[in-house]
Each structure stands twice: as structure tokens, then as C-alpha cells.
Amino acid sequence: MSEAPYRYTAAVADEIERRWQQRWDEEGTFFADNPVGSLRATTDSLAQAATASSEPAEKMYIMDMFPYPSGSGLHVGHPLGYIATDVVARHQRMMGKNVLYTMGYDAFGLPAEQYAVQTGTHPRTTTESNVANMRRQLHRLGLSHDSRRSLATTDPEFMKWTQWIFLRIFDSWYDPEATNADGITGRARPIAELRAELRAGTVDPFALADRQSITLPETWVGRSVADVTAASDAEISRLADSFRLTYISETPVNWCPGLGTVLANEEVTTEGRSERGNFPVFTRRLRQWNMRITAYADRLIDDLDRVDWPESIRSMQRNWIGRSDGAQITFPAAGLAGNPEASFDVFTTRADTLFGATFCVLSPEHSLLEDPSALPAQWPEGTKDAWTGGAATPRAAVEAYRVRAASLGEDERTAEDREKTGVFTGLIATNPMDGREVPVFTADYVLTGYGTGAIMAVPAEDERDFAFADRFELPIIRTVKPADDFEGGAWTGDGEKINSANADLDLNGLDKDEAKARATQYAEDRGFGRARTTFRLRDWLFSRQRYWGEPFPIVYDPAHPEVPIPLPESMLPVDLPEVADFSPKTFDPMDADTEPQTPLSRADDWVEVELDLGEGPKTYLRETNTMPQWAGSSWYHLRYIDPTEDDVLVRAENEEYWLGAREDGGVGGVDLYVGGVEHAVLHLLYARFWHKVLFDRGDVSSQEPFHRLFNQGYIQAYAYTDSRGVYVPAEEVVAEADGTYSYQGEPVTQEYGKMGKSLKNAVAPDDMYEEFGADTLRVYEMSMGPLDVSRPWETRAVVGSQRFLQRLWRLAVDEETGDMVVSDAPADLATQQATHRAIDGVSRDMSQMHFNTAIAKLIELVNHLTKVGTAPREAVEPLVLMVAPLAPHLAEELWSRLGHDDSISRAPYPVADPELVKADMVTCVVQVKGKVRHRIEVDPEISEADLEARVMAEERVQEVLEGQTIRKVIVRAPKIVNIVV
RNA sequence: GCCGGGUUGGCGGAAUGGUAGACGCGGCGCACUCAAAAUGCGCUGUCCGUGAGGGCGUGCGGGUUCGAGUCCCGCACCCGGCACCA
């Protein structure tokens, strides 16, 4: 080490990196200018803009999925995506773009709250220290963030606008007939406009409610549009309230009295107990806030075709939304006490099979079964023993079945191999096609949350219905002719219609699609059905019984506790109260009938508040639920744009500049959004939904939040367990010659997967800085493979990236003296060509985010220059410029030592000279029957005729062709000649 | 079951239908050194051959093509998502 005092070691790297990071901070090197407002051009960048041109720089908005500021430090897997976006941001700046690039923190959430419950430390304290720690760790990587735009979702000034958006959505209803400025049908409109339309009778609330599956207040059920126009203002107002995009409803949730909280499905085990604490969990209807995301289902699917996202993610979203086109058919049902006109609706995607419906099935939670005592008191004639479930009457059978169904967990109920169960309800429905009487069953294979919660069963063409019919000895009528080799069961394939005719309609002989259309039309003409689209997507359960989340900007008048009252913007933000206890009240774990008592509900001084909301000072009660963690992440991309504005969410000029619709036909949004695939559905769907509401309400000009999405892979790692299954430190595991592994002489088992502290295989970035420096870590992570593929971490391979940077350094700096050794003499032709070929290839790779191959080409150039001896400036300068996005500190240092005063951050990226990219000679491959037999060096411009002549004249070729007849010669100058014999 | 993605040396990975294995790790050898480290240079898919060269090779089986890791058909395995969704 003493021999080379100026070698690029970790210590030298550390000094360089800290020095440049400080300078970047001091000079605000990475500040991005807004068109207007407080983040308008700084003096420096104004000066720079003036020297360039009067045109504003082209923009580029690059964003990472922001992290939760966890307390347990980073490992080297975390920053993979951040390094990649930083490389893109730095490259784009050198390409002359105005780059918006920053980092925020998704800081509400459970860990800080749980830590608070255990230790009494306020979540805000924990959160702030974690954010500070994470900022420091990321800063050390040299990420070129605009620090002025950084935020945390817990900042009161951020939370204010989260609450403001909540109110915006609360103030909206979805008008499926309204057209947006740019031709999209369906739009959120102010609730006041709905009240006006209801008053004027220009909207039919009953049709609208039916279309959006909205339950109207009971006083309005069964009334007409004429009743609406004649109603009082208060009544109209209540009616309009049912259409809000944010609403309260009794929603089935996972209630865990032992923890005193409602749980997400992921937090409930297959045994129906809480993951944490192992308490019983009950499915109960509780009063909850919801967001009507289902109103946007069509647009959320359709606009997936207008964004540049991986196909896999788009397909996951389509899948999740689950649009399915079919028909809703009404079946009259006889046998219900006091209701001779009873009927129920079924949803089917196979209206063509109506003639094959031989029974119907209601979900156990279906409204017709809510009062089993209205069911027949005796089994109707023809009831088979198997249908009764052993009960004496339909009432008893259904009652027992419903109780059983309620006690089953979701997982048990939907277990794949479970045999079909169910009981006959005693009700008899009429098939509207041919008047056939069919029995009505209840069975838990029909789900209450999908379609209408009721089906017509067509055992001949549906596997589930077939299994049920088989078990309960129900008739089967085929309405599609199966293929000849069909072996029985349900035929779900295509085929000619059979057995499908009544006096007025004959579907026989038609194909599936034609028959579907005809049957649906027939149902519509006769008034017993219509085409309908259903979605798998459910509305968004938006309330949580937690402390560490955004409070709702909602109060209640104690006289009307069922009517939520929005607070005016002037009263935002609603801050969290100080409380003594951050945990919700817990109950007897077995007592399902308890009600959640949120942490906020016990802050009496906060809950009860005197306000003047236009009726003079009055006492109101605050909403005590908090918002889910998804809230902040649904819109932070907007706040990055205008983080300092206090009077507006985001200024229109700035939003349009950074997110506006694109020339290539894109609908706007962040230019590049990088993050893990785990957010493929929920976060991205919620953010798209909020963004679309804001678009509809005129708050933003872009229709999608994220134009281009990129999912980075994960850095994975090997973990090792000993004979007891306990993890041992991966670092100290030794690979044995026979391919096994051992730790302290004992054999251990290798597994491959995530990196994590508990798996004892986490590698801390700090250790990498100490051993190699941040630039080496950056280059290593970018060189490991394509960004979207997961790959294993290998500390021992990091040295390769360090050697690359050391060789680069050595090209310019004498390791003994520290002097610059770059030559100002002109480079030889081979070096010029090597340089320009590298520029050409690296430029292409960089713009496609192929950093691994870009680095390979840079290494090749460095290796070439190493062989040359003294490196010429005309090669070293472009090389340093190309390295700058990847290893920015080293590049800045060399750039400065090469005599440049300005930061390399906005130096223009090198451009290849096409003349020097062209090769003088290329290798032409001579193949015989597709096998390589010879190679010759030829001029790249050689004509096909000349090339063929050259090849045929070669001695070696003659030799190989000896005694064979040439049938054909394929010439692709200058690369290949294939001789077919 | 359905949807999406994948399978290339000892390892990470390169290859607009046209020289399979760029670049890196590891390994082997040489130079420098008393020696080691570091550095530089060379070799490194596999089998046969002293060599020139040849055989075989991109999960498996077919096909298209003058030519296939790449395109098409079928299959196996792996990863991810959804799933009694009517």
C-alpha cells in the first residue's frame, strides 16, 4: 500500500465522495426549476438557461416508489432502484433535460405505532429520527435528489392536502353519462350539481343507483323520479349523499376483539385468527368509510392501454379489476311467505345456456334468506332427502346452513378440493325462458360479493354446477353440443346450440356468441333481463382504527350523528391529538359483538370541538377513524412538483409542465416510475383512481399519474440454516469441495431468497462504503445484470467494479505522485475508434437503461486505453463523461483534475462521430451448410459480388469444398457467406 | 385451472434470425518481487487431437429457414399473480 499512495482506494473514494456531496449540497446542483412559483428558476440556473436558448429545457420527471422509513437500517438490496433512477436522472441532465428527481417518505404506518405502544415514544419522534437516518444513508450514495422537494406523508403541510383530496372526492359523484373535455365518457362531478339535477329531474337516481350498485336510503326505495322533483331540499340532499365517491357503509370486515382492531385479510391466518397475538377473528359488518373506486373500473381498465407499463403489471390490474360482460336475468321465486311476487336476479356470462338452467343457487348471505322464517314451513313435494341437510323444514335447514357458513373462514370456504355443500330453500323459481319450475338452493360456492350473489345453475356447461348437480341428483340439460371425444361432465367449450328453443325464440344451431346476443335481447324485450357488466373489484375500505394515520376532515352534529359534515379548507389540516395511549381498546377475545373503540375516540378534548360551520358556533364530534397508509402514496407525485405551495395542491402551470399530456399520445404522468412489483395492484390502482378524480374535477391536466412504469428486480441472497433450522451468519459459511456448505465445521443447508437481518444474510451499504466506496457499490449494482431481473448478491464480486474504477483512475492519475498523466497529444486512430464505438454503444444502452452492458463497454474502453500506455485526453474526457452518471463522485473529481471548473453534472454527454464508429475491416464468416469453416477480414463496404469472389478464391475454402457440388451461395455482405452444398 | 415471465459455462450475465458465451467473478499460467500482496500480460464451454483442426453444445421433442439461444407447434421444470368470480 505504501508503494502507491495515490491509488483509488476505499479511503480515497470516501474523501472524494464526501467532498463532492458537500459541494453539490452547497451549490444546489440538482435543483430543478418550476415554470412558476417559489421553485421557479434560481439565479444560477437562470444564468445557465440564458446561455443556452430561450426555449425552456425539455423536462423529465423521474420517481422512485418512496420507502417506509423503517428503523432497522438499509441493506444493499434496498437502493437498487434508487441507484438506477439516479443514473437515469444524471444521464438525462447531461442530455440537457430539466430533471425533477427527489425522494419522500411514506411515514404513517404500523411499526412506529406499535413501537409507541410498547415504549410510549410518540410515533412522530420515532418517524422523524428514522427519516433523518434514512436520508443520511441515501445521501451517502450520492443520489442527485432535489432536497427542496423531499417530503414525508406525516408532514402537517402534506397531510393538509391529503385531507383536501379526501374532501374533493367526498364532494364528488360519478356521472357515467358526462363527457370530459377530451372525450372520455364518465366523469366525477360536484355533488351540488347532482342536487340541482335531481331537483330538475334531469337525472334518474334509481337507474344510476342500480348501475353503480348503490343502496339508496330506505325512504327512497321503490319511488319515482316524480317523487324526487317534488321532494324537500333536505330529502334531495340526503338522496344525493348516497352517490358520493366517499361514503360510509356497513361493510363486512375482519374484527378482532382481542386486539381491538379491524384487520386486513393478509393479517388473518388460515385458521381465522390474528397473525399477531393469535386471537379469534370474526367477520362482522361494521360502519366503515369507503371510496367508490368501482365507479372508475372501466376507465382503470381501458386506460391501461394508454400507459407504458410492463405487460405483466397491466395484466395483473386487469385481472384484479376483473371485468366480465354478461347478462342479469330475473327469476320469479314462489314460496316466500307474504311475498307472492318475490324474485331474484342472477348474473351470467352465458345467457345462451338459459335453457339449460335446471336449478338456482343463492349465496347464504342473500337478502331473500335473511329471514329464514319466511321460507316454507314444509318441504315441497319432490324434495329429495339429500337436499334437506337432515332438517325437518326448509326454515331449519337454511338457518343451520347460514350459521355454518358464517363460521367458516374465507380460506376454508374457498378451499380448492372441498366438496360442494348446500341445502334446498324450499323456494321454487321459474325459468323465464320456458316456464320450467326449478328448485332454489343455497350453497356457499356462490359468493355474496360477486355479481348478484345468486346464480342460475347450468350443470351441463359449468363444472361447479355439474359437481353440485351430481351430488344432489339434479337434472342436466345440454344446450351446447360437445365434441365427439367428450367423456362426460361439464362441457365448457364451444359448440352448436341444442335443446334451446321456445315458442318465440330458437337458438338451436347457433354458435355461442350469436346465441348469447339473441338470448340477452330476448330477455330485454320480455323485461326479465338485460346486458350487464360486473367487476371483481370491490370498493376501497378506507378507514382504520389506528392512531398513526391521517385524521378525517369530518365532523358530526350530535343531533344527526349519521350525517358526516366536511370541514372547510380553512380548517385544514386536522392534526392528530396528543394521547396517552396509542393502542385501541381491546376486549374479551371471544366477544364478537363488541365495537371498535379507536385510539382517537378516547381523546375527548379533541373529539368534541366547537366550530362555526355556517350555523354559528356549535359543538361537533370529530370522526375518530384514520386513513389507511395508502392515502399519502396515492398522490405524493403531485406534491413533489409544488412542495411549498400552501394555498393550492399544485399550481396548474407546474403540473402541466411536469405531468402534461405527451406528444407521443401518452395521457401524461411521471416519465419514469421505478419500484418493486409488490405494488403492482393496490398502490398503483389507488393512485390512478385518485388522479382520475382530480382530473375530472379539473385539479390536474394529466389523466394518469405514471406514464412509464419500470419494475426493478430484487437483490437476493443465500441464507444458511444449521441442523436445528436456525439461521447462521451467511458471511462465515464455507463452501466445501463436495458442493456442500458448513459453518464452524458443522454442515448447514443453503436456501435462496430475500436479504434480511433475521436471515443473517444482510449486507449493509455502510460496510460496502468502508471497503470499496459508494461509487464502486453503485457500479457493482448496475453491472450485475438487467435491472428488471432479480439476482444474487455476491460480495466477493464487488471487487471487479472497484478494479474497473481503479484502472480508470490510473489512466489519469499517477499513483506514485498524484499528478495527472493524461496526454494532450492526438490519439491514434484505433483509440479514436475505440472511444467513439464506446460512445455509440454506451449512449444506446443508457437510453434503454441497459446499464450492465453500458458498463461492459466502458470497461472495454478502459482496458484498451490501459494497453495503449499514456491515455490521450480526447479519449479520457468522453470516458469520464460517460462514467459520470454511474460513478458521479469519481467522475467529478477526474473532471475537475482535467481542468474543468464546472460540475460534470450538466456537462453535455459525448456524441459519437459516425465516421469513427465505422470499422475499417470486419470479420466475414464463411459457413458451409451453416457451419463456420473460415473467417476473412474484409472492407465493410465490400459488394456482395466481390465478397463472394474473395471467399471462393480462399485456399481454405477450396479445401473444405473439395469434391462437393455447390448448390447455392448466400451472401450477406459484409458479415457472412453461407455456401450450401 | 387461468394469466404473465423465465430456463445460455463453475457463478452473475452478453448476443437487430447471421462468428453462442461480450463484460465481470472465480480458476490456471507467465512477468515483476527474496517472497507475498498489488499490478500487468495470456489462457479458461466441453470432448478428441502434439498441432492444424474436428465432434458436441443455449431445459426436452418436433418444425420453418441457406442459417434458430432468437420465429412457430408440443412438453417438462422454475418464479410471480389470480382463482368455486357464475
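Just so it is clear: chains get the letters A, B, ... in the order the sequence lines come, proteins before strands, and each one is counted from 1. Model, not experiment: these values are computed from the prediction.
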Next on the checklist: Could you tell me how far apart A/Asn319 (CG) and B/rA83 (P) are, to the nearest whole angstrom?
Outcome noted: 8 Å

Checklist entry - Within the structure shown, what part of the strands sits under 4.0 Å from A/Lys420 by heavy-atom distance: base, sugar-phosphate, or nothing? => result base

Checklist outcome for this item: Each nucleotide of nucleotides 20-26 of chain B classed B (base within 4.0 Å of a protein heavy atom), S (only sugar-phosphate) or -, in 5' to 3' order, makes S-BSSSS

Item to check | Gap in Å between the two P atoms, one belonging to B/rG49 and one to B/rA38, rounded | outcome: 37 Å

Checklist entry - For atom C1', what is the distance between B/rG10 and B/rC2, given to the nearest Å? => result 39 Å

Item to check | Contact summary for A/Ile839 and A/Ala912, nearest pair of heavy atoms | outcome: CG2-N, 3.4 Å

Checklist entry - Do A/Asn852 and A/Ser783 get their side chains close enough for a donor-acceptor pair, meaning under 3.5 Å? => result no

Item to check | Whole angstrom value for the distance that separates C1' of B/rG10 from OH of A/Tyr718 | outcome: 12 Å

Checklist entry - How close or far is atom C1' of B/rG4 from atom CG of A/Asn711, stated in whole angstroms? => result 12 Å

Checklist outcome for this item: The reported gap from CZ in A/Phe528 to CG in A/Asp345 (rounded to nearest 0.5 angstrom) is 12.0 Å

Checklist entry - Which whole number of Å gives the distance between the C1' atom of B/rG18 and that of B/rG69? => result 13 Å

Next on the checklist: Within the 4.0 Å heavy-atom criterion, would you say A/Arg933 contacts the bases, only the backbone, or no part of the nucleic acid?
Outcome noted: sugar-phosphate

Next on the checklist: I need the CG-P distance between A/Leu787 and B/rA14, as an integer number of Å.
Outcome noted: 12 Å

Next on the checklist: Between B/rC71 and B/rC78, how many Å separate the two P atoms, rounded to a whole number?
Outcome noted: 23 Å

Checklist entry - Between A/Arg314 and B/rC3, is there a side-chain N or O to OP1/OP2 distance below 4.0 Å? => result no

Checklist entry - How far does the C1' atom of B/rG53 sit from the matching atom of B/rG4, given to the nearest Å? => result 47 Å

Next on the checklist: Taking any heavy-atom pair under 4.0 Å as a contact, classify A/Arg318: base, sugar-phosphate, or nothing.
Outcome noted: nothing

Checklist entry - Tell me: CD1 of A/Ile321 to P of B/rC82, nearest whole Å? => result 14 Å

Next on the checklist: Regarding A/Pro310, tell me which of base, sugar-phosphate or nothing describes its non-hydrogen contacts under 4.0 Å with the strands shown.
Outcome noted: nothing

Next on the checklist: When you compare the side chain of A/Val862 with that of A/Leu858, does any pair of heavy atoms fall below 4.5 Å?
Outcome noted: no

Next on the checklist: Among B/rA86, B/rA38, B/rG13, which nucleotide has an atom closest to any side-chain atom of A/Arg791?
Outcome noted: B/rG13

Item to check | Separation between the C1' atoms of B/rG57 and B/rU8, rounded to whole Å | outcome: 10 Å

Next on the checklist: Output the rounded distance in Å from CD1 (A/Ile455) to P (B/rC84).
Outcome noted: 14 Å

Checklist entry - Ignoring hydrogens and angles, are the base of B/rG18 and the side chain of A/Arg972 linked by a donor-acceptor pair under 3.5 Å? => result yes

Next on the checklist: Looking only at the side chains, is there a donor atom on one of A/Glu463 and A/Thr492 sitting less than 3.5 Å from an acceptor on the other?
Outcome noted: no

Item to check | Distance test, side-chain N/O of A/Lys931 to OP1/OP2 of B/rC56, below 4.0 Å | outcome: yes

Checklist entry - Going by atom types alone, do A/Asp920 and A/Gln833 pair a side-chain donor with an acceptor below 3.5 Å? => result yes

Checklist entry - Is any side-chain N of the basic residue among A/Glu311 and A/Arg318 closer than 4.0 Å to the acidic one's carboxylate O? => result yes

Checklist entry - Taking the six-membered ring of A/Phe468, is the NZ or CZ of A/Lys420 close enough (under 6.0 Å from the centre) and on axis enough (within 45°)? => result no

Next on the checklist: Please tell me if A/Lys975 has a side-chain N or O lying less than 4.0 Å from either OP1 or OP2 of B/rG18.
Outcome noted: no

Checklist entry - Is the shortest distance from a Lys or Arg side-chain nitrogen in A/Glu860 or A/Lys857 to a carboxylate oxygen in the other one below 4.0 Å? => result no

Checklist entry - Any idea how A/His683 and A/His679 line up, ring-wise: parallel (<30°), tilted (30 to 60°), or perpendicular (>60°)? => result perpendicular

Next on the checklist: Please pick, from B/rA86, B/rA14, B/rC66, the nucleotide with the shortest atom-to-atom distance to any side-chain atom of A/Pro786.
Outcome noted: B/rA14

Item to check | Selected nucleotide, minimal atom distance to A/Thr866 side chain, candidates B/rC41, B/rU39, B/rC84 | outcome: B/rC41

Checklist entry - Just checking A/Arg956: base, sugar-phosphate only, or nothing, at a heavy-atom cut-off of under 4.0 Å? => result sugar-phosphate

Next on the checklist: For A/His366 and A/Phe344, take the angle between the two ring planes, folded into 0 to 90°, and tell me which bin it lands in: parallel under 30, tilted 30 to 60, perpendicular over 60.
Outcome noted: perpendicular

Item to check | Distance in angstrom units between A/Tyr450 OH and B/rC82 C1', rounded | outcome: 13 Å

Checklist entry - How far does the C1' atom of B/rU46 sit from the matching atom of B/rG9, given to the nearest Å? => result 9 Å

Next on the checklist: Taking the nucleotide of RNA chain B with the nearest heavy atom to each, does A/Gly453 or A/Ser315 sit closer to the 5' end?
Outcome noted: A/Ser315

Next on the checklist: Measuring from the side chain of A/Pro792 (C-beta onward, heavy atoms only), which nucleotide among B/rG12, B/rC82, B/rC84 has the closest atom?
Outcome noted: B/rG12

Checklist entry - When you compare B/rG40 with B/rU58, how far apart are their C1' atoms, in angstrom units rounded to a whole number? => result 34 Å

Checklist entry - Taking both distances under 3.5 Å as the test for a Watson-Crick or G-U pair, what stems of at least three pairs does RNA chain B have? => result B:1-7 with B:76-82, B:10-12 with B:23-25, B:26-31 with B:39-44, B:45-48 with B:53-56, B:59-63 with B:71-75

Checklist entry - Within 45° of the six-membered ring axis of A/Trp309 and under 6.0 Å from that ring's centre, is NZ or CZ of A/Arg688 located there? => result yes

Next on the checklist: In whole Å, I'd like the distance from the CD1 atom of A/Ile976 to the C1' atom of B/rG67.
Outcome noted: 7 Å

